Number of protein chains: 2
Amino acid sequence: MAKPSPLADMPPPLDSALDDLIGYAIRRAQLKLFQNLIGRLAEHDLRPAQFSALAIIEQNPGLMQTDLARALAIEPPQVVPLLNKLESRALAVRLRCKPDKRSYGIFLSKSGETLLKTLKDIAAQSDLDATAALDSEERATLLRLLKKVYQD
Amino acid sequence: MAKPSPLADMPPPLDSALDDLIGYAIRRAQLKLFQNLIGRLAEHDLRPAQFSALAIIEQNPGLMQTDLARALAIEPPQVVPLLNKLESRALAVRLRCKPDKRSYGIFLSKSGETLLKTLKDIAAQSDLDATAALDSEERATLLRLLKKVYQD
DNA sequence: CAAATATAGTTATGTCAATTAACTATTAAT
DNA sequence: ATTAATAGTTAATTGACATAACTATATTTG
């Protein structure tokens, strides 16, 4: 059962004249998407950053914690408990496999790969669910425009 | 001078296979917009929530703190320091002006109104700046689609 | 009317995330 | 060799935020 999500419901705001700002609209839409995803991932006792980490590790097997930190836009110390959690659940492993013995290579375990498949479906479903007001053409347009914004 | 903004730069991520999720794209785009706005508002020693509060008060003069909390999607205790700050800078005032003497009516001061005009320009400029990769038709489309998502 | 209950705002407390600083071990540079 | 830099970790600080408790009014109702 989905947790009651402390930040969950965004109440209908009073008229605030911010309505024509993309920054305002995107914040509200992002919150909706994020809350939806948080709820669904919670059933697997995972947070969005952990899901992102799994996806990044899959695409970049053997990467170092430093790389993961940069990719997640978090600081190295935050990577430690995150990876500890993934490792304790046997979803990922740290291996001393580099010429440089200070660093670890990070890999998904078999069950990490399996779970990630499920999580990707969940994320895709969450996306669809939270954007149910759009048809698939609009969704494609939205994605294209968002990429244009953040890739700039 | 703009503060070096602790969260500022989102580094180019490794390929992570999250690229086709709207939730992922919107988070990254939102962060870009938000960081841009934070930087610009910092020059006026204001945070986005304080700017939003000013805009909401302008549109709803005399509203109660409870209403403001709901509109900002924050808890009532958080309104206290926020309003204290606005009041200490003489941008807004709490007035016992209701039949119910437990509550305050909140209003902008003259200088609050004046500053808000400036801030709206800043926010609009921030929007344009952070979405410089889009032409104005694309911007309109993006805004329309985002509204559709969060108003749903 | 009196007592009980509810509400607006505030204060106090606890929790948790996230940044920073400092420590260990390895590696690279002079 | 000594020094400096880097990967990862631990520890300490800060800050956001929620929850609970307090005050003063207001409402309800017995």
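Below, chain A is the first sequence line, B the second, and so on; all start at residue 1. Values in this document were obtained by computation on a predicted structure and should not be read as measured data.
- Regarding contacts with the backbone of D:dA24, every side-chain N or O of B:Arg96 stays at 4.0 angstrom or more from both OP1 and OP2.
- Under a 4.0 Å N-O distance rule, the pair A:Lys147/B:Asp19 does not qualify as a salt bridge.
- For the pair A:Leu82 CG and C:dC16 P, the computed distance is 17 Å after rounding to whole Å.
- Separation of atoms CG (A:Leu72) and CD1 (A:Ile56) is listed at 4.0 Å; rounding is to 0.5 Å.
- When rounded to the nearest whole Å, the span between CD1 of B:Ile74 and C1' of D:dA18 equals 12 Å.
- The residues A:Arg144 and B:Glu138 are annotated as salt-bridged, a charged nitrogen and a carboxylate oxygen being separated by less than 4.0 angstrom.
- Nearer to the 5' terminus of DNA chain C, by closest-nucleotide assignment, is the contact made by B:Val80 (compared with the other of B:Val80 and A:Gln78).
- Atoms CG and CD1, from B:Leu142 and A:Ile26 in turn, are 6.0 Å apart once rounded to the nearest 0.5 Å.
- The distance between atom CD1 of B:Ile38 and atom C1' of D:dG15, rounded to the nearest whole Å, is 14 Å.
- Taking only side-chain nitrogens and oxygens, A:Thr66 comes nearer than 4.0 Å to OP1 or OP2 of D:dG8.
- Listed candidates were C:dG9, D:dG8, C:dT10. Nearest to the side chain of B:Arg94 is C:dT10.
- Between the P atom of D:dA7 and the CD atom of A:Glu75 lies a distance of 14 Å, rounded to the nearest Å.
- Closest to the side chain of A:Pro77, from the set C:dT26, D:dA18, C:dT20, is C:dT20.
- Note: CG (B:Leu72) to P (D:dA18) measures 12 Å, nearest angstrom.
- One can place OH of A:Tyr104 at 13 Å from P of C:dT27, the figure rounded to the nearest angstrom.
- Residue contacts shown for A:Pro81 are absent, as no nucleic acid heavy atom lies under 4.0 Å away.
- For B:Arg102, whose side chain is taken as the heavy atoms from C-beta onward, the closest listed nucleotide among C:dT7, C:dG9, D:dT10 is C:dT7.
- Here the side chain of A:Met64 is nearest to one of D:dT25, D:dT9, D:dA7, namely D:dA7.
- A salt bridge links A:Asp152 with B:Lys32: the distance from a Lys NZ or Arg NE/NH1/NH2 to an Asp or Glu carboxylate oxygen falls below 4.0 Å.
- Straight-line distance from the NZ atom of B:Lys101 to the C1' atom of D:dA24: 11 Å, rounded to whole Å.
- When heavy atoms are screened at a 4.0 angstrom cut-off, A:Gln65 is found touching the sugar-phosphate backbone but no base atom.
- Side-chain proximity of A:Ser103 to the nucleotides C:dT19, D:dT25, D:dG8 is greatest for D:dG8.
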